[in-house]
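See structure below.
When reading the values below, keep in mind they use all heavy atoms of this one structure, side chains included, and skip hydrogens, waters and symmetry mates. Worth saying up front: this structure is predicted, and the values here are computed from it rather than measured.
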Amino acid sequence: MKNAHQMVEAAKAHIKEVSLDQASDAIKQADFLIDVREPDEFREGHIAGAINIPRGLLEFKLSADPALDDRGLNLVIYCKNSGRAALSAQAMKEMGYAHVLSISGGIDAWQAADKPVVKPSMPEFD
């Protein structure tokens, strides 16, 4: 039996990760930037242009959204520190997506490098 860490390491052996230095260029070339964290994490701050598809719903959302049908799309994914993104990239590879890149270190590394994040503002009520 594998634990979560072993599953992530196994996935990372079969996916493509981009370094933080390469991430901005990869994002610019992507058809979609996907944040696989939970919605509350996404609301706390995300990379500009990202869509939120939580890891637990990924395969279902990919199968249900016509915009994501094309298995030749250029996709960049990330999570908090790259574990969920690695598992997601592996699942997407198994679903036939040919061009999936995971950001090494996730949004934690992104923020540690002082790269910008978007924090949606909540409406103010009087």
Side-chain angles (χ1 to χ4, degrees):
M1 280 194 314
K2 291 182 181 178
N3 64 30
H5 178 74
Q6 291 166 326
M7 290 177 69
V8 167
E9 289 304 312
K12 284 186 176 193
H14 298 285
I15 66 164
K16 293 179 183 172
E17 280 192 304
V18 292
S19 69
L20 203 54
D21 293 337
Q22 302 165 317
S24 293
D25 285 338
I27 291 168
K28 287 176 189 169
Q29 296 172 21
D31 295 305
F32 291 98
L33 172 61
I34 302 172
D35 183 325
V36 297
R37 297 176 302 150
E38 294 300 311
D40 59 326
E41 293 174 288
F42 185 80
R43 283 189 299 272
E44 289 296 315
H46 57 273
I47 299 172
I51 59 172
N52 183 220
I53 305 177
R55 170 66 193 106
L57 300 174
L58 183 69
E59 293 87 347
F60 300 104
K61 293 279 190 177
L62 291 173
S63 297
D65 189 338
L68 296 165
D69 276 346
D70 182 355
R71 298 309 199 251
L73 290 169
N74 290 317
L75 304 171
V76 175
I77 61 175
Y78 70 92
C79 64
K80 179 173 173 40
N81 57 25
S82 74
R84 285 176 280 179
L87 296 173
S88 297
Q90 179 65 30
M92 293 169 79
K93 184 177 177 182
E94 290 174 14
M95 292 178 75
Y97 289 92
H99 308 289
V100 180
L101 298 174
S102 173
I103 299 175
S104 181
I107 198 162
D108 282 355
W110 182 270
Q111 290 179 301
D114 290 324
K115 293 188 176 269
V117 295
V118 175
K119 263 191 170 175
S121 59
M122 298 300 288
E124 292 184 26
F125 297 102
D126 293 328

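The minimum heavy-atom distance between P39 and P54, with the atom names listed, is CD-CG, 3.8 Å. When every heavy atom of Y97 is checked against every heavy atom of D70, the shortest pair comes out as CE2-O, 3.8 Å. Residue S102 comes nearest to I15 through the heavy atom pair CB-CD1, 4.1 Å, listed as atom of the first residue, atom of the second, then distance. Among all heavy-atom pairs drawn from A23 and V18, the shortest one is CA-CG2, 4.1 Å. In plain terms, the two heavy atoms of L101 and A26 that are nearest each other are CD1-CB, 3.9 Å. Shortest non-hydrogen contact noted between N74 and H99 is OD1-CB, 3.4 Å.
Pairs of residues two or more places apart, or lying in two chains, that qualify as salt bridge (charged side-chain N to carboxylate O under 4.0 Å, His left out) and include a residue from residues 90-114 are K80-D108.
The 12-atom threshold is not exceeded at CE of M7, counting heavy atoms of other residues, nucleotides or ligands nearer than 6.0 Å. The local environment of NZ in K16 is sparse, with at most 12 non-hydrogen atoms from other residues, nucleotides or ligands closer than 6.0 Å.
With hydrophobic clusters built from ILVMFWY side chains whose heavy atoms lie under 4.5 angstrom apart, M95 shares a cluster with V36. Both F32 and I77 are assigned to one and the same hydrophobic cluster, defined by single-linkage of ILVMFWY side chains at heavy-atom distances under 4.5 Å. At a threshold of 4.5 Å between side-chain heavy atoms, the hydrophobic network of Ile, Leu, Val, Met, Phe, Trp and Tyr places I27 and L73 in two separate groups. V100 and L62 fall within the same hydrophobic cluster, defined by Ile, Leu, Val, Met, Phe, Trp and Tyr side-chain heavy atoms under 4.5 Å apart, directly or through other members.
Qualifying side-chain hydrogen bond (donor to acceptor under 3.5 Å, both in side chains) partners for E59, counting only residues two or more places apart in sequence or in other chains: R55. With sequence neighbours left out, the salt bridge (Lys or Arg N to Asp or Glu O under 4.0 Å) criterion links E17 to K12.
Note that NZ of K115 and CD1 of I103 are 9.0 Å apart. Values are rounded to the nearest 0.5 Å. For the atom pair CG of L75 and CG of L68, the computed distance is 7.0 Å after rounding to the nearest 0.5 Å.
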### Message
The test is side-chain contact (heavy atoms from CB on, under 4.5 Å); show your working for M92 and L58 and say whether it passes.
### Response
CA-CA 9 Å; M92 293 169 79; L58 183 69; 3.9 Å; yes
### Query
Could you walk me through whether M1 and Q6 pass the side-chain contact (heavy atoms from CB on, under 4.5 Å) check?
CA-CA 9 Å; M1 280 194 314; Q6 291 166 326; over 6 Å; no
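In summary, of the residues considered (L33, D35, I34, D65), a side chain to side chain contact (heavy atoms under 4.5 Å, CB included) with I51 occurs for I34 alone.
Side-chain N or O atoms of Y78 include one that pairs as donor or acceptor with a backbone N or O of I47 at under 3.5 Å. Judged by distance alone, with hydrogens and angles left aside, the side-chain atoms of N52 form a donor-acceptor pair with the main-chain N or O of R37 at under 3.5 Å. Side-chain N or O atoms of R84 include none that pairs as donor or acceptor with a backbone N or O of S82 at under 3.5 Å.
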